[in-house]
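Reading through the structure tokens given below for one structure.
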Amino acid sequence: LEIALCKRALNLDMPILGVCRGHQVLNVALGGTLIQDIDDHVTARHKITIEPDSLLSFIEGEPEMYVNSLHHQAIGQLGRDLKIIARAPDGTIEAIQSKKHKFVLGVQWHPEMGLTPRFNREMQQLWSVFSRARSN
């Protein structure tokens, strides 16, 4: 059901923000695969590096920041028309966006869970960016 809903939203070019499992569903809906079990993401947080000129470009300062890490699955092969916009130091894909839709973003972490002052500020901005995309 989630994959069908995701495909429908993509066909309608609706703004999408996929969080954790939603990030993974988005990838699978576009033909990608998952790594079923990753053992090395059991820490409470880890660093990611964000690509410039992406839907996460609003994040200020250094392109690296800490995010929470609660997942045991990750994106394997990237789905059609997606690009990687953030990775963990071990190469795990932490954020993706569509190359062909206005606003389709997937993040592996939980932006709603507080972590650091910078994380909280940047994730509040993420919700604002998504809200504006939904209004347009």
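Because the structure is a prediction, the values reported are computed rather than measured.
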* Asked: Shared ILVMFWY cluster between L56 and I48, side chains joined below 4.5 angstrom?
  -> yes
* Non-hydrogen atoms of E51 and S57 that approach each other most closely -> O-OG, 4.4 Å
* Treat each ILVMFWY residue as a node, draw an edge where side-chain heavy atoms are under 4.5 Å apart, and state whether M113 and L115 are in one component. => no
* Can you tell me if CZ on R118 sees more than 12 non-hydrogen neighbours from other groups inside 6.0 Å? -> yes
* Which residues pass the side chain to side chain donor-acceptor pair (under 3.5 Å) test with Q73, sequence neighbours left out? -> Q36
* Could you pull out the closest heavy-atom pair between C6 and I16, with the gap in Å? => O-CD1, 4.3 Å
* Asked: For the atom pair CG (N27) and CD1 (I3), what is the distance rounded to the nearest 0.5 Å?
  -> 10.0 Å
* Asked: Does R134 have any side chain to side chain donor-acceptor pair (under 3.5 Å) partners at least two apart in sequence or in another chain, and if so, which?
  -> none
* Are F119 and F130 in one and the same hydrophobic cluster, where Ile, Leu, Val, Met, Phe, Trp and Tyr link if side-chain heavy atoms are under 4.5 Å apart? -> yes
* Asked: Counting heavy atoms not belonging to E62, are there more than 12 under 6.0 Å from its CD?
  -> no
* Asked: Run the side chain to side chain contact (heavy atoms under 4.5 Å, CB included) check on T116 and R45 step by step: do they pass?
  -> CA-CA 10 Å; T116 66; R45 68 183 194 148; 3.6 Å; yes
* Kindly state each residue pair satisfying ring pair (Phe, Tyr, Trp, His ring centres under 6.0 Å) with at least one member in residues 47-69, sequence neighbours excluded. => none
* Asked: Where do P89 and K47 come nearest, in terms of heavy atoms and distance?
  -> CD-O, 2.9 Å
* Asked: Should V25 and L105 be counted in the same cluster of Ile, Leu, Val, Met, Phe, Trp and Tyr side chains packed under 4.5 Å apart?
  -> no
* Structure fact -> With sequence neighbours left out, the residues meeting side-chain contact (heavy atoms from CB on, under 4.5 Å) with D13 are H101, K102
* To do: Find out if a path of hydrophobic residues (ILVMFWY) with successive side-chain heavy-atom gaps under 4.5 Å connects L17 to I96.
  => no
* Asked: Out of curiosity, E94 CD to Q108 CD, how far, rounded to the nearest 0.5 Å?
  -> 5.5 Å
* Structure fact -> Heavy-atom nearest pair, N120 first then G114, reads OD1-CA, 3.1 Å
* Find the distance between CD1 (I84) and CD1 (I93) and round it off to the nearest 0.5 Å. => 3.5 Å
* Asked: Under the criterion side-chain contact (heavy atoms from CB on, under 4.5 Å), which of M123, Q125, Q124, E122 is the partner of P111?
  -> M123
* Looking only at heavy atoms, which two atoms of W109 and V19 are closest? And how far apart? -> O-CG1, 3.4 Å
* To do: Of all the heavy-atom pairs spanning L26 and G106, show the shortest one and how long it is.
  => CD2-N, 4.2 Å
* To do: Using the side chain to side chain contact (heavy atoms under 4.5 Å, CB included) rule, take L55 and F103 through it: C-alpha gap first, then chi angles, then the decisive distance, then the call.
  => CA-CA 8 Å; L55 290 176; F103 191 97; 3.9 Å; yes
With a cut-off of 3.5 Å and sequence neighbours excluded, list every side-chain donor-acceptor pair involving residues 74-83.
residue	atom	partner	partner atom	Å
R80	NH1	L30	O	3.1

* Structure fact -> Between the CG atom in N68 and the SG atom in C20, the distance rounded to the nearest 0.5 Å is 8.5 Å
* To do: Please identify each residue that fulfils side chain to side chain donor-acceptor pair (under 3.5 Å) with E2, with sequence neighbours left out.
  => R21
* Check the pair T49 / E64 against side chain to side chain contact (heavy atoms under 4.5 Å, CB included), numbers first and verdict last. => CA-CA 4 Å; T49 302; E64 295 181 338; 3.6 Å; yes
